Amino acid sequence: MLRGVLIGILVSAPMGPIGMLCIQRTINRGRWPAFFTGIGAGVSDLIYCLLTGLGLSFVTDFIQANQSLLQLIGSVVLLVYAGYLFGATPSRPAPANGAPSKSFLKDFCTGFLFTFSNPLILFFIIGLFARFSFLAPEFAAYHYVAGYLSIFAGAVLWWFGVTWFVNKIRARFNLRTLKMINRTLAGIILIMGAIGLITALSDILNVPISNPSAFTF
């Protein structure tokens, strides 16, 4: 279970687009929309962990065979969202103890789709499984059930902590600062998307680039 919690935290911890989205939503809309965005990402990570653990080699083969195309699609998603975020008009942060949203389904779905659109994370999960010896012949079925639940618990713990911390300092931001944060995050996401797009197109067109590993998003 401890291994599962650590894997769940490490899979969620890299501050990629989903992490930036959670920070932006915490500042603009409050803690719980951001938290449910993280929950959606955690469910997506759990699905990829299950695919890895169940040994679905055809999934890995499909991703390896279509890695450039999948990276191209994921990069386009990032570019579109960066454009939306750059032009979005922020609203004043709601009170920390304000009325909760009626539904967090949209936030959950956004987090899920953002994370699920980057299946290359599967290879990171494979590395973590190997590092922590998560898959072993001596483990029984109930060990794996507890392990996968622990992976999800680790992801929930991470997003709970991140949104709690950001929520504590959100009252210090005014509208001008929020707009600057939105545009800064949009710029970072835009760079990530552009690098992924260049890498994917270079692979598809068989155009060599220097140090391609540095361009993996």
Side-chain angles (χ1 to χ4, degrees), residues 1-54 56 59 74 77-78 81 93-136 139-171 185 189 217:
M1 292 180 67
L2 178 59
R3 297 177 190 180
V5 170
L6 290 175
I7 291 173
I9 292 175
L10 291 173
V11 170
S12 303
M15 193 50 63
I18 190 64
M20 297 175 189
L21 178 61
C22 285
I23 291 175
Q24 188 265 345
R25 283 187 171 173
T26 304
I27 294 173
N28 282 272
R29 297 175 51 202
R31 180 182 182 184
W32 297 114
F35 177 68
F36 277 92
T37 301
I39 294 298
V43 171
S44 177
D45 290 335
L46 179 60
I47 290 175
Y48 281 125
C49 287
L50 288 170
L51 291 177
T52 301
L54 293 175
L56 299 182
V59 176
V77 171
L78 293 183
Y81 182 75
N97 297 321
S101 172
K102 292 182 179 180
S103 174
F104 298 111
L105 180 60
K106 181 179 179 180
D107 303 306
F108 174 89
C109 291
T110 303
F112 178 85
L113 292 174
F114 252 57
T115 307
F116 202 73
S117 67
N118 182 24
L120 300 182
I121 196 174
L122 183 66
F123 298 104
F124 180 48
I125 293 173
I126 292 174
L128 289 177
F129 275 23
R131 169 62 182 81
F132 290 100
S133 301
F134 188 78
L135 303 176
F139 292 158
Y142 68 89
H143 287 125
Y144 287 114
V145 172
Y148 286 117
L149 290 177
S150 299
I151 290 175
F152 183 68
V156 171
L157 181 64
W158 171 261
W159 294 118
F160 186 88
V162 168
T163 55
W164 175 85
F165 175 76
V166 177
N167 190 60
K168 285 293 184 181
I169 63 174
R170 66 192 289 263
L185 294 179
I189 295 175
F217 81 94

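Just the heavy atoms: all of them, side chains too, but no hydrogens, waters or symmetry mates, feed the values below. Quantities reported herein were computed from a predicted structural model and do not represent experimental measurements.
- Between C22 and A34, the shortest heavy-atom contact is O-CB, 3.2 Å.
- Between V11 and I121, some side-chain heavy-atom pair lies under the 4.5 Å cut-off.
- Other residues, nucleotides and ligands contribute over 12 non-hydrogen atoms within 6.0 Å of the CZ atom of F139.
- The two residues T163 and F35 have their closest heavy-atom pair at CG2-N, 3.7 Å.
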Audit row: W159, F36, side-chain contact (heavy atoms from CB on, under 4.5 Å) steps and yes/no: CA-CA 9 Å; W159 294 118; F36 277 92; over 6 Å; no
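- Within the 4.5 Å cutoff, the side chain of F112 has heavy atoms near those of the I47 side chain.
- Listed for the R3 side chain is a donor-acceptor partner under 3.5 Å among the backbone atoms of S133.
- The aromatic rings of F134 and Y148 stand perpendicular to each other, their planes meeting at an angle above 60°, with 30° marking the opposite boundary.
- The structure places CG of L10 at 5.5 Å from CG of L128, a figure rounded to the nearest 0.5 Å.
- Across A155 and G42, no two heavy atoms sit closer than the pair CB-CA, 4.1 Å.
- With a 4.5 Å cut-off on side-chain heavy atoms, Y48 and L51 count as touching.
- Minimum interatomic distance between A41 and I18 (heavy atoms only, all atoms of both residues): CB-CG1, 3.7 Å.
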